Amino acid sequence: MKIFEDLTWRGLVHSASEGVEKHLAENQVTLYIGFDPTAKSLHVGSLLQILTLARMQRAGHRPIGLVGGGTGLIGDPSGKTAERQLLTKELVEKNLAGIRSQLERFLDFDGPEETRAQMVDNGEWLTTIPMVDFLRDVGKHFTVNYMLAKESVKSRLESEDGLSFTEFSYLLLQSYDFLVLHDRYGCTLQSGASDQWGNITAGTELIRKLRRTKAYGLVSPLVTSSSGVKFGKTESGAVWLDSQLTSYYRFYQFWLNTTDEDVVKYLKYFTFLSHREIEGIAENHDAARHQRGAQKRLAEEMTRMVHGETALATAVRSSEVLFGGELKDLEPAEILDVFEDVPSSELAADDLSAGVGVVDLLAQSGLAQSKGAARRLVREGGAYLNNVRIGDEQQNVTREDFLGGRVLVLRKGRKAYHVVQVQGD
RNA sequence: GGAGGUGUGGCCGAGUGGACAAAGGCAACAGACUGUAAAUCUGUCGGGCUUCGCCCUACGGUGGUUCGAAUCCACCCGCCUCCA
């Protein structure tokens, strides 16, 4: 199957320049996607873009991952309602390194030269070009009228906060990136999310004017969830690709908790599963939604792809323990392993000798904001000790309650855990 | 600089001297139902305690009037609108 056809089937084509399909079918194309160094790790939202690069590479094209060491210092107004806080140069550099290493996991940087992935940093040329050269060579080819017509600019002009000249110029910088990559690598296609469409077409225009050749844009839809919650966010914040920031368990859980309405869409978006296989999963899903086969498969595929087989096993085991109930039979070491990423605290053995009130323990752990809140929680039946509901707010916790005499697992509601360890004997 | 308005709990928003830890909504949290879902229903939602009750702190800030203030007065601070 042709790559464009595949992307279309997966719902990954939101907008595309005239002729992209033909271009991809008839040529070995070099394409690029830019990533913002706003954090040291990419999150699941960016994953879609990374995967587009990977899909293209598998289809025999050459991907370039561009990290915005230069543009990150400016800030892209696209899709933003307010002016952005500027990042410091040090922070951008630090973030660059993190993102680079993540891209390396998905793309082949060692294969045959014509499809070998490349990493570039636009800071290399954006921070060195003389201002006057830039204005003459790039700025001259854009009318302010054209820039004002861009959606990203228009919406901000109507807002009260306005738009700084800095962010207004962003469009020129990204266009220039495309031009540079076109000249250096023969890059003829830029991809990204749909909010990048304006920036991308500006680049194709620039190349057309200056080099008299055609360059193309191809953008994916923004990933949305049917509940209206922003994709990639959970109560505890963004879902990162870095396991230091989002543990295997949480990563797995994020995908597992996908709603029925979105799960097939995500399988198409994010996995490399074949069309036939996805259709089979979708059929089973419709027939037996309560089994959540589609969600399980999605979570498995994604965890394996991003973190590997061992991580997947860890996540699955943690999930089984956490949602399975009884903790009594587990060894302390096993508990600590499963609850590795759960917040924990320590309790001195001496303080425990007389026992500790369960309400105090809940408040200290931070699961409850105050003792009053802890009392309410117990009364509501939402507090658990080693996965057993606490029935009495007067309950005294002693050494006996600690598994193996060392570890205690507190839980609030369905999913909020806290581990208490005994310290010193 | 002048005139007017406004400032209430995470957010929106009632409340013009006592019945106000402050209506209502949203968000959040817990429970029930379920599929670790959605929807729905129930409860909670400043802090502390010896918890069907008591105490402390709180309606921009400081002081005042009063037996009693989110509510009245003075000054200050922030925000908004109009005029210059």
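Just so you know, these numbers come straight off a predicted model, no measurement behind them. Chain identifiers are assigned alphabetically (A, B, ...) following the order of the sequence lines, protein sequences preceding nucleic acid strands; residue numbering begins at 1 within each chain.
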Exercise. Considering every strand shown, what is the Watson-Crick or G-U wobble mate of B:C54 when both distances are under 3.5 Å?
Worked result: B:G48

For this session: Using a strict cut-off of less than 4.0 Å between a Lys/Arg side-chain nitrogen and an Asp/Glu carboxylate oxygen, indicate whether A:R297 and A:E301 qualify as a salt bridge.
Result: yes

Exercise. Got a donor-acceptor pair under 3.5 Å from the side chain of A:R375 to the base of B:U51?
Worked result: yes

Exercise. Once each nucleotide of nucleotides 31-37 of chain B is scored for protein heavy atoms under 4.0 Å, what B/S/- sequence comes out, 5' to 3'?
Worked result: SS-BBBS

For this session: Between A:E393 and A:L377, just flag the one whose closest nucleotide in RNA chain B comes earlier from the 5' side.
Result: A:L377

For this session: Output all residues satisfying ring pair (Phe, Tyr, Trp, His ring centres under 6.0 Å) with A:H14, sequence neighbours left out; order by chain, then residue number.
Result: none

Exercise. Among all residues two or more places apart in sequence or in another chain, which pass the ring pair (Phe, Tyr, Trp, His ring centres under 6.0 Å) test with A:Y269?
Worked result: none

Problem set entry | Gap in Å between the two P atoms, one belonging to B:C20 and one to B:A70, rounded | 13 Å

Seminar exercise, completed: Assert: residue with more 5' nearest nucleotide on RNA chain B, out of A:Q394 and A:A363, is A:A363

Problem set entry | Gap in Å between the two P atoms, one belonging to B:G64 and one to B:G18, rounded | 22 Å

For this session: Enumerate the residue pairs fulfilling side-chain hydrogen bond (donor to acceptor under 3.5 Å, both in side chains) with a member in residues 360-374 of chain A, sequence neighbours excluded, ordered by first and then second residue.
Result: A:D360-A:K371

Seminar exercise, completed: With sequence neighbours left out, the residues meeting side-chain hydrogen bond (donor to acceptor under 3.5 Å, both in side chains) with A:R289 are A:D286

Exercise. Taking the P atom of each, how far is B:A69 from B:G61, in whole Å?
Worked result: 15 Å

Seminar exercise, completed: Sorted by chain and residue number, the ring pair (Phe, Tyr, Trp, His ring centres under 6.0 Å) partners of A:F178 (sequence neighbours excluded) come out as A:Y32

Problem set entry | Watson-Crick or G-U wobble partner of B:A23, both distances under 3.5 Å | none

Exercise. Listed by chain and number, what are the ring pair (Phe, Tyr, Trp, His ring centres under 6.0 Å) partners of A:H307, not counting sequence neighbours?
Worked result: A:Y248, A:F251

Problem set entry | Inter-nucleotide P distance (B:C33, B:A21), Å rounded | 37 Å

Problem set entry | Interatomic distance where CG belongs to A:D360 and P belongs to B:G48 [whole Å] | 10 Å

Exercise. Considering every strand shown, what is the Watson-Crick or G-U wobble mate of B:A3 when both distances are under 3.5 Å?
Worked result: B:U81

Problem set entry | Pairs satisfying ring-ring contact (aromatic ring centres under 6.0 Å, His included), at least one member in residues 275-300 of chain A, at least two apart | A:W9-A:H275

Exercise. Applying a 3.5 Å limit to both distances, which nucleotide forms a Watson-Crick or G-U wobble pair with B:C75?
Worked result: B:G61

Exercise. Expressed in whole Å, how much space separates the C1' atoms belonging to B:G9 and B:A28?
Worked result: 13 Å

Problem set entry | Euclidean distance for P, B:U51 against B:G43 (whole angstrom) | 24 Å

Problem set entry | Gap in Å between the two C1' atoms, one belonging to B:G17 and one to B:C12, rounded | 27 Å

Problem set entry | Side-chain (A:T246) to main-chain (A:S243) donor-acceptor, under 3.5 angstrom | no

Could you pull out the protein-nucleic contacts involving nucleotides 45-47 of chain B (nitrogen or oxygen on both sides, under 3.5 Å)?
unit_1	atom_1	unit_2	atom_2	d
B:G47	OP1	A:S370	OG	3.1

Exercise. In Watson-Crick or G-U wobble terms, both distances under 3.5 Å, what is the partner of B:G17?
Worked result: none

For this session: Go ahead and name the base partner of B:A37; Watson-Crick or wobble counts if both distances stay under 3.5 Å, otherwise write none.
Result: none

Exercise. If the C1' atom of B:U71 is compared with that of B:U16, how far apart are they to the nearest Å?
Worked result: 5 Å

Problem set entry | Residues A:Q253, A:S319; criterion side-chain hydrogen bond (donor to acceptor under 3.5 Å, both in side chains); working and verdict | CA-CA 8 Å; A:Q253 286 288 322; A:S319 298; 2.9 Å; yes

